Amino acid sequence: MRKYDHLEMRCPRLGGEVTFSYCRKEGGGLPCQRIITCWSPFFPIEQYLRETMTADAWDAFVRQIPKDKVTTIIELIEEAKKRAKQKNE
Ligand code: SF4
């Protein structure tokens, strides 16, 4: 079991509780397309994925996300970074 795997949340797609371990493999071995949106309020999910996925898997994950969602996710990441920075000041 990896760090964070035990964490649970209510899945907006399935309507029930899921663990992070489910979310990081939901997309046929790749993370769910919504994983950054769902988990970014709880821990630095993008950083975690980049550190734990191979470069090829990360590229495949990013490629599977529709372009408009990539933009949204990048915006969410930037907002999360700003919030974290403000919290540390
Ligand atoms: S990342 Fe995907 S599977 Fe996990 S809670 Fe969000 S929508 Fe559900």
Side-chain angles (χ1 to χ4, degrees):
M1 182 181 267
R2 292 186 187 172
K3 189 177 178 183
Y4 305 125
D5 271 0
H6 63 288
L7 297 179
E8 293 183 354
M9 76 155 52
R10 186 171 178 79
C11 174
R13 282 174 40 191
L14 302 174
E17 295 289 314
V18 294
T19 58
F20 178 70
S21 65
Y22 173 83
C23 300
R24 70 178 173 77
K25 291 185 246 163
E26 187 272 346
L30 291 173
C32 173
Q33 291 183 12
R34 298 181 61 159
I35 196 166
I36 293 177
T37 305
C38 289
W39 288 97
S40 64
F42 303 102
F43 63 91
I45 177 67
E46 184 209 1
Q47 183 186 340
Y48 176 80
L49 292 176
R50 284 179 184 268
E51 287 172 0
T52 57
M53 294 170 73
T54 64
D56 286 348
W58 172 259
D59 287 346
F61 166 63
V62 172
R63 270 199 309 273
Q64 75 176 355
I65 301 174
K67 282 263 184 280
D68 59 331
K69 289 202 174 171
V70 171
T71 305
T72 305
I73 288 168
I74 289 169
E75 288 168 358
L76 284 169
I77 291 167
E78 290 306 314
E79 284 174 22
K81 283 180 184 169
K82 278 185 206 164
R83 278 199 305 272
K85 193 176 171 190
Q86 286 169 352
K87 206 174 171 183
N88 292 330
E89 288 176 351

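Ligands are counted one by one from 1 in listed order, and the atoms in each one are counted from 1 as well. As the structure is a prediction and not an experimental result, all values here were calculated from the model.
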Quick check: does C32 put an N/O/S atom under 2.8 Å from atom 2 (Fe) of ligand 1?
->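 Of the N, O and S atoms in C32, at least one lies under 2.8 Å from atom 2 (Fe) of ligand 1, which means yes.
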
Would you mind running through ligand 1 and noting each atom that sits below 4.0 Å from a heavy atom of C11?
->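 Every atom of ligand 1 under 4.0 Å from some heavy atom of C11: 3 (S), 5 (S), 7 (S), 8 (Fe).
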
Identify, by atom number and element, the atoms of ligand 1 in contact range of I35, meaning under 4.0 Å from any of its heavy atoms.
->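 Ligand 1 atoms under the 4.0 Å threshold to I35: 1 (S).
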
A57 to L30 - nearest heavy-atom pair and separation =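 Residues A57 and L30, closest heavy atoms: O-CD2, 3.6 Å.
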
Would you give the length of the straight line joining atom CD of Q47 to atom NZ of K81, rounded to the nearest 0.5 angstrom?
->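 Reported value, rounded in 0.5 Å steps: 9.0 Å.
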
To the nearest 0.5 Å, tell me how far F20 CZ sits from Y48 OH.
->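 Taking CZ in F20 and OH in Y48, the distance rounds to 5.5 Å.
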
Proximity to ligand 1 by part of C38, non-hydrogen separation under 4.0 Å |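 Within the 4.0 Å criterion, C38 contacts ligand 1 through side-chain atoms alone.
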
Please work out whether any backbone atom (N, CA, C, O) or any side-chain heavy atom from C-beta onward of M9 is under 4.0 Å from ligand 1, and answer side chain, backbone, both or neither.
->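 It is the side chain that touches ligand 1; the backbone stays farther off.
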
Less than 4.5 Å apart, side chain to side chain, heavy atoms only: is that true for [X] and [Y]?
{"X": "R24", "Y": "Y4", "result": "no"}
{"X": "L49", "Y": "W39", "result": "no"}
{"X": "E26", "Y": "I35", "result": "no"}

Examine ligand 1 and decide if any of its atoms is less than 4.0 Å from a heavy atom belonging to F20.
->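 No, F20 has no heavy atom closer than 4.0 Å to ligand 1.
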
Taking the non-hydrogen atoms of L14, is any one of them nearer than 4.0 angstrom to ligand 1?
-> no

What residue and atom, counting heavy atoms only, is the protein's closest point to atom 4 (Fe) of ligand 1, and at what distance?
->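 Result: C23 SG, 2.3 Å.
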
